[in-house]
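Step one of this worksheet: look at the structure below.
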Amino acid sequence: MKFEQALPLLRQGKKLIRQSWQSGEKYIFLVDQPKHAGQAVNPYFLIKTAETPALSMFQPTSCDLLAEDWLEVEG
């Protein structure tokens with residue numbers, strides 16, 4: 001699916017991945033109502049990889065935004 005189709009799924013709390021990614025990436029998801037020290041933070045994406053136990057920030061590239069190989073996955 002295209003990113004414009006994937007974005008509503010991310011807003012619903014779904015986890016997605018690009019089919020072309022290697023097996024190191026497990027999924028991305030949207031954090032849409034974050035707070036820090038009691039203050040609202042703008043929404044952001046996180047990525048879970050097989051290599052590290054911690055989550056990392058994910059910034060979609062233009063290739064990611066134009067890709068048509070997004071898939072919903074179980075996390």
Side-chain angles (χ1 to χ4, degrees):
M1 80 180 84
K2 296 179 181 182
F3 191 77
E4 53 264 31
Q5 297 166 303
L7 187 55
L9 296 175
L10 289 164
R11 290 178 188 254
Q12 293 171 22
K14 307 292 183 180
K15 296 173 177 139
L16 287 98
I17 191 167
R18 288 203 44 210
Q19 188 174 11
S20 63
W21 285 348
Q22 303 300 317
S23 60
E25 293 87 0
K26 290 191 167 192
Y27 55 81
I28 67 163
F29 64 98
L30 176 67
V31 180
D32 65 348
Q33 295 182 342
K35 289 190 181 252
H36 177 73
Q39 294 198 20
V41 176
N42 288 329
Y44 56 90
F45 294 107
L46 291 177
I47 187 168
K48 174 69 175 155
T49 65
E51 299 169 2
T52 60
L55 297 167
S56 298
M57 295 291 294
F58 176 76
Q59 178 73 35
T61 65
S62 56
C63 290
D64 293 325
L65 296 174
L66 297 171
E68 297 184 9
D69 66 343
W70 286 97
L71 301 170
E72 183 180 347
V73 295
E74 296 293 321

Inset, instruction - Tell me, with the steps shown, if Asp32 and Phe45 meet side-chain contact (heavy atoms from CB on, under 4.5 Å). - result: CA-CA 8 Å; Asp32 65 348; Phe45 294 107; over 6 Å; no
Legend entry - Set of side-chain contact (heavy atoms from CB on, under 4.5 Å) partners for Gln22, sequence neighbours left out: Glu25
Inset, instruction - Just jot down the side-chain contact (heavy atoms from CB on, under 4.5 Å) partners of Val73, sequence neighbours excluded, or say none. - result: Lys15, Ile17, Tyr27
Legend entry - Side-chain heavy atoms of Asn42 within contact of Tyr44, under 4.5 Å: no
Inset, instruction - Compare all side-chain heavy atoms of Met1 with those of Leu16 and state whether any distance is below 4.5 angstrom. - result: yes
Legend entry - Heavy-atom neighbours of Gln5 CD exceed 12 at 6.0 Å: yes
Inset, instruction - With sequence neighbours excluded, give me every salt bridge (charged side-chain N to carboxylate O under 4.0 Å, His left out) pair touching residues 36-46. - result: none
Legend entry - Separation of Glu4 CD from Leu66 CG (nearest 0.5 Å): 8.5 Å
Legend entry - Side chains of Leu10 and Phe3 in contact at under 4.5 Å (non-hydrogen atoms): yes
Inset, instruction - Sequence neighbours left out, what pairs pass side chain to side chain donor-acceptor pair (under 3.5 Å) with at least one residue falling in residues 66-75? - result: Arg18-Asp69, Ser20-Asp69
Inset, instruction - Measure the spacing between CG of Leu30 and NZ of Lys14 and express it to the nearest 0.5 Å. - result: 13.5 Å
Taking only distance into account, with no hydrogens and no angle test, what donor-acceptor pairs under 3.5 Å do side-chain atoms of residues 49-62 form with protein atoms, sequence neighbours excluded?
unit_1, atom_1, unit_2, atom_2, d
Thr49, OG1, Thr52, OG1, 3.3
Thr52, OG1, Ala54, O, 3.3
Thr61, OG1, Cys63, N, 3.3
Thr61, OG1, Asp64, N, 3.1
Thr61, OG1, Asp64, OD2, 3.2

